[in-house]
Amino acid sequence: MENQKLIVSGGKRIEGEIAVHGAKNAALPLLSATVLVNGECVLHNCPRLTDIDAACRILSHIGVKCRREGGTVITNAQGVSGCEVPVSLMREMRSSIVFLGAMLGRMGHCRLSYPGGCELGPRPIDLHLSALKSMGAVIEERYGYLECSAPSGLCGTAITLSFPSVGATENIILAAVLAKGTTEIHNAAREPEICDLADFLNSCGAKISGMGSDRITIVGVAELHGCEHRVIPDRIAAATYMCCAAATGGELILSGANAAHLDSVIPVLRSMGCKVYSFGKGNVYISSGATLKAPHTVRTMPYPGFPTDAQAPLTAVCCIARGTSVFVENIFENRYRHVGELCRMGASIKVEGRVAVIEGVKALSGAETVACDLRGGAALVVASLAAEGSSVISGTAYIDRGYESIEKALRGVGACIKRV
Ligand code: EPZ
């Protein structure tokens, strides 16, 4: 798996239909949430991604039954016993910190290895830890482990987040659903994945309101029962495939998408000259003409602003748009690592701190490139589809964390791409 590569011969128009898989960033907190449920949970539209496999391994490791039947993952946490997530499993997946709130909420204590820094820069969890401590958790960090316990149980309280952190909002919700009393989160994250998590927990008997706004209220309940739930579609995978169509002057139907979750992405692609509209139940259509125009400055922001996860794939499209594109990455410190690789393909990009300035060029040329994070790897795929000649992309393990067999999806719409 590790040393697989994608071989792409560029210049082919993307034409056809891609079914959008379930959202990775919804499925991960949902799997963590099943730890809280004293019964069977059925999660439909669970994407086949290595991060999801890693989350299922963590569940099994702590005694939660977890099996996959096609696109559905079934769990049962009646017999949950373990409360330690070893370093091997924590390292496999950055966002395993989202298990903290659920394990504390259900078992009252847990021991997680400190999630290592990763490709996007340091991934601090200070907002998670201070919030959980304010609910009565005792957390000690030593020898690279987080020792967490709630000796007298977790108590609801009012928490104001200094930044609308997605993961911190999720961890607070997971810790609060079985806590004593009521928890109010102020300046909460508003991402659709948070709403999906709250909808699932409410189907299990939780009392959560305000999700989707910056103020979420959770009234603690004694127990949660099992339920059946369908994971929302992956808005970032949808945005990435739209970038593939835009970059190759193609046309694409994305089925099973949710256009409302793309409200800040679609106008940018339209401003570049793409035709985009949604039709029927969850279909989005995009077509792009021969030449693209550089968009106005793209600033990544918390939802509903432009998503940081779509920044890299869109920068690849802007490499061949007419004019100068300016990106401001306001969410992560170090999210331009794909830029050096795009420049190897003939892109003209200057990065200064959080700002990237892209001068459109006539065409990119295929090259050997290396993915060094998930969305940066996706950007290299977008660029290689548009480039003249063939490209070799290594580091596919990063890409497989967030895209279900990306080469099959793209081959199905005319791309010349294979995995070796
Ligand atoms: C989630 O990460 C997503 N991951 C990320 O997607 C996404 O980019 C991010 O939200 C923003 O939308 C999952 O949902 C699994 P944050 P998360 O907490 O929760 C800082 C992808 O490609 N921060 O909102 O880690 C942090 O350093 C991934 O699918 C603190 O300073 O994002 C970052 O700069 C990448 N202290 C910013 O906030 C904290 O305690 C946003 O982080 C927590 C975060």
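Start at 1 and go down the list; that is how both ligands and their atoms are numbered.
- Residue contacts with ligand 1: S165 is placed with a nitrogen or oxygen under 3.5 Å of a nitrogen or oxygen of the ligand (distance criterion only).
- Neither the backbone nor the side chain of Y303 comes within contact range of ligand 1; no heavy atom lies under 4.0 Å.
- Counting non-hydrogen atoms of neighbouring residues, nucleotides and ligands closer than 6.0 angstrom, the NZ atom of K65 reaches no more than 12 such neighbours.
- Seen from the ring of Y303, R190 does not count as a face-on cation partner, given the 6.0 Å and 45° thresholds.
- Neither the backbone nor the side chain of E193 comes within contact range of ligand 1; no heavy atom lies under 4.0 Å.
- With a 4.0 Å cut-off on non-hydrogen atoms, V166 touches ligand 1 through its backbone as well as its side chain.
- R335 counts as a contact of ligand 1, since one of its heavy atoms falls under 4.0 Å from the ligand.
- Heavy atoms from other residues, nucleotides or ligands lying under 6.0 Å from NZ of K418 number 12 at most.
- Taking any N or O of L28, backbone or side chain, none lies under 3.5 Å from an N or O belonging to ligand 1.
- Considering backbone and side-chain N/O of F163, none are found under 3.5 Å from N/O of ligand 1.
- Counting non-hydrogen atoms of other residues, nucleotides and ligands closer than 6.0 Å to CZ of R411 gives a total above 12.
- There is a side-chain donor-acceptor pair under 3.5 Å between Y285 and E251.
- For ligand 1, the atoms lying closer than 4.0 Å to a non-hydrogen atom of K24 are 21 (C), 29 (O).
- With D196 as reference, H229 is the one residue of H229, M211, R230, E191 to meet the side-chain contact (heavy atoms from CB on, under 4.5 Å) rule.
- Below 4.0 Å from some heavy atom of T308 lie the following atoms of ligand 1, by number and element: 8 (O), 11 (C).
- When each of R335, R235, K24 is checked for a salt bridge (charged side-chain N to carboxylate O under 4.0 Å, His left out) with D309, only R335 meets the rule.
- Between G167 and ligand 1, a contact under 3.5 Å exists for at least one N or O pair.
- Remark: N283 CG to E17 CD distance equals 6.5 Å, nearest 0.5 Å.
- Of the heavy atoms in D309, only side-chain atoms (C-beta onward) come closer than 4.0 Å to ligand 1.
- Distances from atom 4 (N) of ligand 1 to the heavy atoms of I236, V98, L161, N25 put N25 nearest.
- The pair R419-E407 meets the salt-bridge criterion, with a side-chain N (NZ, NE, NH1 or NH2) lying under 4.0 Å from an Asp/Glu carboxylate O.
- Below 3.5 Å of separation, one finds no N or O of E333 facing any N or O of ligand 1.
- Close contacts of ligand 1 with I125, meaning ligand atoms under 4.0 Å from a residue heavy atom, involve 39 (C), 40 (O).
- Note: L385 CG to L410 CG = 5.5 Å, rounded to the nearest 0.5 Å.
- When heavy-atom distances to ligand 1 are checked against a 4.0 Å cut-off, I331 comes that close through both its backbone and its side chain.
- Backbone and side-chain nitrogen or oxygen atoms of R375 are examined, and one is located within less than 3.5 angstrom of a nitrogen or oxygen of ligand 1.
- Checking only distances, L127 does come within under 3.5 Å of ligand 1, N or O to N or O.
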**OP:** Give the intermediate values and the outcome of salt bridge (charged side-chain N to carboxylate O under 4.0 Å, His left out) for residues E333 and R354.
**Re:** CA-CA 7 Å; E333 253 121 63; R354 289 180 179 272; 3.7 Å; yes

